[in-house]
Amino acid sequence: MPALDSMVIQCPYCWEAQEIAIDPSVPEQEYVEDCQVCCRPIVFTVTVDDDLTSRVDVRAEND
């Protein structure tokens with residue numbers, strides 16, 4: 001089982017950069033997590049391709 005990956009994202013509200021952990025064993029996932037700085041809800045859409053390259057899109061909850 002692959003280890004967790006880390007990636008830096010930017011909050012769509014306060015624009016602060018923050019590091020998140022990604023589980024590459026799950027090929028597609030979408031979840032909501034609060035920003036570590038401003039505490040507003042961020043929607044994460046994570047996709048992992050066949051060579052375990054992760055892609056993360058973030059958006060405000062109301063977008």
For the student: nearest non-hydrogen atoms of [X] and [Y], plus distance:
| X | Y | result |
| --- | --- | --- |
| Ala21 | Leu4 | CB-CD1, 4.3 Å |
| Cys38 | Tyr13 | SG-CB, 4.0 Å |
| Asp5 | Leu52 | OD2-O, 4.0 Å |
| Val48 | Val26 | CG2-O, 3.7 Å |

**OP:** Say whether Ile42 and Met7 are linked into one hydrophobic cluster, either directly or through other cluster members, by side-chain heavy-atom distances under 4.5 angstrom.
**Re:**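 Same hydrophobic cluster.
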**OP:** Could you list all the salt bridge (charged side-chain N to carboxylate O under 4.0 Å, His left out) pairs where at least one residue sits in residues 27-42, not counting sequence neighbours?
**Re:**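 For residues 27-42, and leaving out neighbouring residues, the salt bridge (charged side-chain N to carboxylate O under 4.0 Å, His left out) pairs sorted by first residue read Glu30-Arg59.
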Original post:
Which residues, ordered by chain and number, are linked to Val43 in its hydrophobic cluster, where ILVMFWY side chains connect at heavy-atom gaps below 4.5 Å, directly or through other members?
Top reply: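 So far as hydrophobic clustering goes, Val43 is joined with Val32.
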Original post:
How far apart are the C-alpha atoms of Phe44 and Ile22, what are their side-chain angles, what is the distance that settles it, and do they pass the side chain to side chain contact (heavy atoms under 4.5 Å, CB included) test?
Top reply: CA-CA 10 Å; Phe44 291 82; Ile22 298 170; over 6 Å; no
**OP:** Verify the neighbour count for atom CG of Asp51: are there more than 12 heavy atoms of other residues, nucleotides or ligands below 6.0 Å?
**Re:**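 It does: Asp51 CG has more than 12 such atoms within range.
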Original post:
Is Ile9 close to Gln18 at the side-chain level, that is, under 4.5 Å between some pair of heavy atoms?
Top reply: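 Answer yes - side chains close enough.
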